[in-house]
Amino acid sequence: MIDIKVLRDDPERVRASQLARGEDPGVVDAILAADERRRSSLGEYEALRAEQKSVSKNVGAAMGAFQKAKKSDAPDVAELEAAATAARERAAELSDLVKALEAAASAAGDELNALMRRVGNVIVDGVPSGGEDDYVVLETVGAPRDFAAEGFEPRDHLELGELLGAIDMERGAKVAGARFYFLTGVGARLELALLNMAVAQAIEHGFTPMITPTLARPEVIVGAGFMDAHAEEVYHLETDDLYLTGTSEVALAGYHADEIIDLSAGPRRYAGWSACYRREAGSHGKDTRGIIRVHQFQKVEMFVYCRPEDAEAEHQRLLDWEREMLAKIEVPYRIIDTAAGDLGSPAARKFDCEAWVPTQGRFRELTSTSNCTTFQARRLNIRERDPRGAGTRTVATLNGTLATTRWLVAILENHQQADGSVLVPKALQPFVGLDVLTPVG
RNA sequence: GGAGGCGUCGCAUAGUGGCCUAGUGCGCCCGCCUGCUAAGCGGGUUGGGGUUGAUUACCCCUCGCGGGUUCAAAUCCCGCCGCCUCCGCCA
């Protein structure tokens with residue numbers, strides 16, 4: 001949810017953001033009108049409610065006087081009773097009116113909220129306009145290996161995984177269906193090593209490691225923004241009305257929901273380790289081979305709560321920490337600035353790091369870091385004491401990937417040798433306990 | 001799975017239909033007093049929204065959350081969430 005004050009003060013900025021996202025800028029005017037209706041409706045209700053309260057208080061006094069007279073058999077009992085009854089009747093009329101006005105005000109509020117929910121976060125200046133293909137490449141790091149010059153045809157990650165006894169797709173399908181898999185032997189070791197290296201790096205940079213719930217209540221999923229564009233992506237457990245989270249971002253965003261947190265000592269940085277579940281609806285036939293696109297995987301995710309004015313600098317830091325991880329696995333990659341239309345509603349800017357996958361001859365996303373500014377925190381009601389004075393204000397949230405199961409694809413393919421063995425990148429060696437993965441008999 | 005209890009301001013607690021504009025204590029903040037500190041004294045101390053150009057000020061909502069009964073709800077009723085106790089079951 002964006003800040004309605006921004007929309008009131010600078011509607012043009014919101015219109016421009018909507019246009020860049022390829023969404024309806026007209027919703028801005030609809031919101032301004034609905035906001036006007038809500039405020040006048042609320043004013044009417046509150047005025048009458050104030051009157052009703054004072055009248056009702058008089059009823060209390062009249063009733064008191066009457067009861068007292070009745071007890072002491074005073075001569076004016078009948079008059080007092082009549083007065084009390086009359087006052088009560090008048091209060092009853094007012095009460096009905098107030099109820100009607102309250103309903104109207106609440107309906108006007110609902111209408112405004114419904115419109116507000118349709119607006120994505122206001123993009124950060126500089127985000128490219130357009131859709132999925134309109135990203136801007138910010139930097140390319142490293143160069144792809146020339147396998148032709150080395151004299152062999154690279155094997156894809158699944159072929160390597162099977163040679164090494166690291167990946168078993170067939171049995172994954174037998175147990176859980178398509179897009180499920182077993183990591184076995186060195187595959188399991190490699191994933192644990194990667195995730196442990198990510199956690200170690202996070203700790204080194206002051207993050208608090210977290211192991212999070214992977215089921216979340218509806219309000220947390222909605223608050224984190226996963227019921228907008230990703231609604232079809234989320235597994236739902238109907239009997240319990242819980243959702244399987246597609247990333248620990250959900251749990252970490254919900255962690256401080258409805259709290260006023262203290263950021264005076266700097267950002268709160270969490271590194272969440274969790275299994276992630278995605279339905280991959282609508283991607284039938286895409287990436288069906290191997291572990292590139294699967295229903296369940298592991299991820300270490302950075303999640304930060306910080307002051308709104310620090311969010312852009314923090315976003316750069318998250319990107320730097322992602323780059324540090326990518327450097328450790330020694331694969332070529334590029335960084336893209338995602339276009340507005342491909343951001344998803346909570347993000348104001350998103351950088352993806354995409355690693356080179358030799359057998360596909362293209363870059364594939366390994367990390368994604370989003371600056372959600374105050375959008376996510378506003379929905380989840382996460383605030384801080386305003387350092388500039390009285391009151392509270394909404395904090396900013398950001399997230400970014402440190403490692404996922406998909407990274408194994410890039411590691412295996414980029415470090416393979418002609419005989420099907422795979423060299424373990426130096427930084428990863430102490431975590432795996434091996435220098436090289438060799439094919440099994 | 002069954003039975004019961006509880007949820008009030010940062011913390012502790014009072015409040016069982018109108019005197020609640022939610023009291024009291026602790027903590028915290030401001031001031032006074034005081035060689036210093038402590039004590040003492042006085043004041044302040046939930047959050048959200050609205051009116052106003054802004055300040056002051058005023059108004060509405062907020063006693064876990066959402067409904068309902070009533071002229072009037074912290075208080076009565078219903079649902080949900082959370083915590084606790086006992087029994088059963090599983091490990």
Side-chain angles (χ1 to χ4, degrees), chain A residues 1-10 31-72 80-116 213 215-223 237-243 250-251 254-265 374 377-395:
Chain A
M1 187 98 77
I2 68 162
D3 185 354
I4 191 151
K5 284 184 203 114
V6 168
L7 193 140
R8 277 181 206 145
D9 296 346
D10 194 358
I31 287 171
L32 289 172
D35 183 36
E36 203 48 58
R37 281 196 298 278
R38 170 185 154 265
R39 284 199 277 176
S40 77
S41 177
L42 201 60
E44 284 174 37
Y45 154 67
E46 286 184 357
L48 202 72
R49 170 72 179 146
E51 191 184 340
Q52 187 217 355
K53 276 175 70 170
S54 84
V55 168
S56 184
K57 199 163 269 186
N58 294 338
V59 174
M63 292 295 286
F66 161 59
Q67 295 293 349
K68 204 183 272 177
K70 208 164 87 175
K71 258 186 208 141
S72 62
L80 287 172
E81 182 174 17
T85 307
R88 207 168 60 185
E89 276 166 8
R90 210 149 44 85
E93 281 170 37
L94 266 179
S95 169
D96 287 344
L97 265 173
V98 165
K99 248 172 215 158
L101 286 178
E102 185 183 17
S106 143
D110 290 348
E111 198 184 318
L112 175 65
N113 275 333
L115 287 167
M116 285 293 285
L215 294 179
R217 298 169 179 285
E219 59 272 26
V220 177
I221 287 269
V222 169
L237 302 185
E238 209 157 328
T239 5
D240 302 286
D241 195 21
L242 288 168
Y243 293 85
V250 175
Y255 187 68
H256 284 305
D258 297 315
E259 292 182 24
I260 296 171
I261 59 175
D262 183 5
L263 296 177
S264 60
T374 58
R378 184 164 294 103
R379 275 186 178 178
L380 290 165
N381 190 29
I382 305 167
R383 295 164 294 157
E384 67 163 337
R385 303 269 167 217
D386 196 327
R388 298 164 307 186
T392 63
R393 62 170 185 170
T394 306
V395 304

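Hydrogens, waters and symmetry mates play no part in the numbers below; they use all other heavy atoms, side chains included.
Proximity of residues 34-42 of chain A to RNA chain B (heavy atom under 4.0 angstrom from any strand atom) is restricted to Arg38(A), Arg39(A), Leu42(A).
For G17(B), there is no paired nucleotide, since no Watson-Crick or G-U wobble pair has both relevant distances below 3.5 Å. Taking a pair to require two hydrogen-bonding distances under 3.5 Å in either a Watson-Crick or a G-U wobble arrangement, U56(B) remains unpaired. Shown here, G40(B) forms a base pair with C32(B); the pair counts as Watson-Crick or G-U wobble because both key distances fall under 3.5 Å. Partner assigned to C11(B) is G25(B), using Watson-Crick or G-U wobble distances below 3.5 angstrom. Shown here, C6(B) forms a base pair with G82(B); the pair counts as Watson-Crick or G-U wobble because both key distances fall under 3.5 Å. The base-pairing partner of G1(B), taking Watson-Crick or G-U wobble contacts with both distances under 3.5 Å, is C87(B). Of the nucleotides present, none pairs with A74(B) by Watson-Crick or G-U wobble criteria with both distances under 3.5 Å.
The distance between atom CD of Glu44(A) and atom C1' of G49(B), rounded to the nearest whole Å, is 17 Å. In this structure, Asp96(A) atom CG and U69(B) atom C1' are separated by 14 Å, rounded to whole Å. One interatomic measurement links the two molecules: CD of Glu219(A) to C1' of C80(B), which rounds to 11 Å at whole-angstrom precision. Across the protein-nucleic acid pair, Ile4(A) atom CD1 and G48(B) atom C1' stand 15 Å apart, rounded to whole Å. With rounding to whole Å, Asp258(A) atom CG is found 12 Å from G48(B) atom C1'. The separation between Arg385(A) atom CZ and G48(B) atom C1' is 13 Å, rounded to whole Å. Here A72(B) presents its P atom at 13 Å from CG of Leu48(A), a figure rounded to the nearest Å. Atom-to-atom, CG of Asn381(A) to P of U62(B) comes out at 17 Å; the value is rounded to the nearest Å.
If you take atom C1' in A74(B) and the same atom in A14(B), they sit 12 Å apart, rounded to whole Å. Using atom P as the reference point in both U69(B) and U16(B), the two lie 24 Å apart (nearest Å). Rounded to a whole angstrom, the distance from the P atom of C28(B) to that of A39(B) is 9 Å. The gap from the C1' atom of C20(B) to that of G4(B) amounts to 31 Å, rounded to the nearest Å. For U75(B) and C63(B), the C1' atoms lie 10 Å apart once the distance is rounded to whole Å. Across the P atoms, C61(B) and A73(B) are found 10 Å apart, a figure rounded to whole Å. Between C60(B) and U21(B), the distance separating the two C1' atoms is 14 Å to the nearest Å. Comparing the same atom, P, in C78(B) and in C84(B) gives a spacing of 24 Å after rounding to whole Å.
In this model, no donor atom of one side chain and acceptor atom of the other lie less than 3.5 Å apart for Arg37(A) and Ser41(A).
For the salt bridge (Lys or Arg N to Asp or Glu O under 4.0 Å) test, no residue two or more places apart in sequence or in another chain qualifies with Arg217(A). For Asp10(A), the side chain to side chain contact (heavy atoms under 4.5 Å, CB included) partners are Glu12(A), Arg13(A), not counting sequence neighbours. Legend: residues meeting ring pair (Phe, Tyr, Trp, His ring centres under 6.0 Å) with Tyr45(A), ordered by chain and number and at least two apart, are absent. Under the side chain to side chain contact (heavy atoms under 4.5 Å, CB included) criterion, Asp96(A) pairs with no residue, sequence neighbours left out. Here Arg379(A) pairs with Asp228(A) under the salt bridge (Lys or Arg N to Asp or Glu O under 4.0 Å) rule; sequence neighbours left out.
Between Lys53(A) and the phosphate of C60(B), there is a side-chain N or O to OP1/OP2 separation shorter than 4.0 Å. A close approach under 4.0 Å does not occur between any side-chain nitrogen or oxygen of Thr392(A) and OP1 or OP2 of G47(B). Look at Arg49(A) and you'll find a side-chain N or O under 4.0 angstrom from OP1 or OP2 of C61(B). Dashed line: the shortest gap from a side-chain N or O of Arg217(A) to OP1 or OP2 of G82(B) is under 4.0 Å.
Between the CD1 atom in Ile261(A) and the CD1 atom in Ile382(A) there is a gap of 6.5 Å [rounded to 0.5 Å]. Ile4(A) contributes atom CD1, which lies 4.5 Å from atom CG of Leu112(A) (distance to the nearest 0.5 angstrom). Taking OH of Tyr243(A) as the start and CG of Leu237(A) as the end, the distance is 10.0 Å to the nearest 0.5 Å.
The Arg8(A) side chain lies nearest to G50(B) when the options are G50(B), C59(B), A72(B).
At a threshold of 4.0 angstrom between heavy atoms, the contacts of Gln52(A) are confined to the sugar-phosphate backbone, with no base atom among them.
Of the two residues near RNA chain B, Arg383(A) and Ala92(A), the one whose nearest nucleotide lies more 5' is Arg383(A).
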